[in-house]
Amino acid sequence: QVQLVDSGGGLVQAGGSLRLSCAVSGRAFNIYIMGWFRQAPGKEREFVGRISQSGGITYYADSVKGRFTISRDNAKNTASLQMNSLKPEDTAVYYCAASTTWGSRSYEYAYWGQGTQVTVSA
C-alpha cells in the first residue's frame, strides 16, 4: 500500500516562507500525480496545486499562483511545497495527496498524508 507523510509546517510571520515535504512509501511513486490541499477550521478542503508524474507540468490555484511552487524528486520518492510571501489567509492544515488523475477535486486523490499545520501571523 501507499503511505504519505507530510511535514515542515510551523508558525511564520506574514511575508515569510515555509517549505513542506511529503515522503511517500510504497511502489511506483512515479505513476502518481502529487497534489497539495489545505483546510482551514470551518472551511472545506481546498486545492492548492499539483505536479505531473515526471515533474514537468504544474498547476496552481489562483490564490497561491506566483507564491507557491511544487516540486518532486522521483529518485527519493518525495514531493515539496515551497511557500513564499505567506499571508494570514494561508493559515490551514496542509495535506499532500497522490492521484492517477489530473484534477483538482479531493475525491480524485486516493492517498493522503496526515496533514501539517501552517500558521501565518498577521
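Note that the numbering runs from 1 along the sequence shown for the chain.
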Do side-chain atoms of [X] reach the backbone of [Y] as a donor and acceptor pair under 3.5 angstrom?
X     : Y      : result
Asn74 : Gln53  : yes
Arg50 : Gly103 : yes
Ser21 : Ser7   : no

Quiz item: If Ile, Leu, Val, Met, Phe, Trp and Tyr residues are connected whenever their side-chain heavy atoms lie under 4.5 Å apart, and connections chain through other members, are Val93 and Tyr109 in the same group?
Solution: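 Yes: a chain of side-chain contacts under 4.5 Å links Val93 to Tyr109.
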[atom1]/[X]: more than 12 non-hydrogen atoms of other groups inside 6.0 Å:
X      : atom1 : result
Leu11  : CG    : yes
Arg105 : CZ    : no
Gln13  : CD    : no

Exercise. Could you check Arg19 against Ser71 for side-chain contact (heavy atoms from CB on, under 4.5 Å), going step by step and ending with a plain yes or no?
Key: CA-CA 11 Å; Arg19 187 177 182 88; Ser71 60; 3.4 Å; yes
Could you pull out the closest heavy-atom pair between [X] and [Y], with the gap in Å?
X     : Y      : result
Val64 : Arg38  : CG1-NH1, 3.9 Å
Ile51 : Thr58  : CG1-CG2, 3.7 Å
Thr78 : Phe29  : O-CZ, 3.7 Å
Phe47 : Ser104 : CB-O, 3.4 Å
Leu81 : Tyr94  : CD2-CD2, 3.9 Å
Ser85 : Arg67  : O-NH1, 3.0 Å

Could you give the distance from [atom1] ([X]) to [atom2] ([Y]), rounded to the nearest 0.5 Å?
X     : Y     : atom1 : atom2 : value
Phe68 : Leu18 : CZ    : CG    : 9.0 Å
Arg72 : Ser54 : CZ    : OG    : 8.0 Å
Asn84 : Asp90 : CG    : CG    : 10.5 Å
Leu4  : Ser25 : CG    : OG    : 7.5 Å
Ser52 : Ile33 : OG    : CD1   : 7.5 Å

Practice problem: Determine, for Lys65 against Asp62, whether the closest basic-nitrogen to carboxylate-oxygen distance falls under 4.0 angstrom. | Solution: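 Looking at Lys65 and Asp62, the cut-off is met.
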Exercise. Give a yes-or-no answer on whether the side chains of Thr116 and Asp6 include a donor-acceptor pair shorter than 3.5 Å.
Key: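 No, no side-chain donor-acceptor pair sits under 3.5 Å.
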Quiz item: Does the side-chain contact (heavy atoms from CB on, under 4.5 Å) test come out yes or no for Thr91 and Val118, once each step is laid out?
Solution: CA-CA 5 Å; Thr91 295; Val118 172; 5.9 Å; no
Self-check item: Ring-face cation contact, Tyr95 with Arg45, 6.0 Å cut, 45° max
Solution: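 Yes, cation above the ring, under 6.0 Å and within 45°.
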Quiz item: Please walk me through it: do Tyr32 and Thr100 pass side-chain contact (heavy atoms from CB on, under 4.5 Å)?
Solution: CA-CA 5 Å; Tyr32 294 110; Thr100 57; 3.9 Å; yes
Practice problem: For the residue pair Met34 and Ile70, establish whether any side-chain heavy-atom pair is separated by less than 4.5 Å. | Solution: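 Of all side-chain heavy-atom pairs linking Ile70 with Met34, none is under 4.5 Å.
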Self-check item: Within-4.5 Å side-chain heavy-atom neighbours: Leu20 and Gln82
Solution: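 Answer no - side chains too far apart.
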Exercise. Apply the test side-chain contact (heavy atoms from CB on, under 4.5 Å) to residues Ser17 and Met83: give CA-CA distance (whole Å), side-chain angles for both, the deciding distance (0.1 Å), then the verdict.
Key: CA-CA 5 Å; Ser17 298; Met83 304 182 293; over 6 Å; no
Quiz item: So which of Trp36, Tyr107, Phe37 actually passes ring-ring contact (aromatic ring centres under 6.0 Å, His included) with Trp112?
Solution: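 With Trp112 as partner, ring-ring contact (aromatic ring centres under 6.0 Å, His included) holds for just one option, Phe37.
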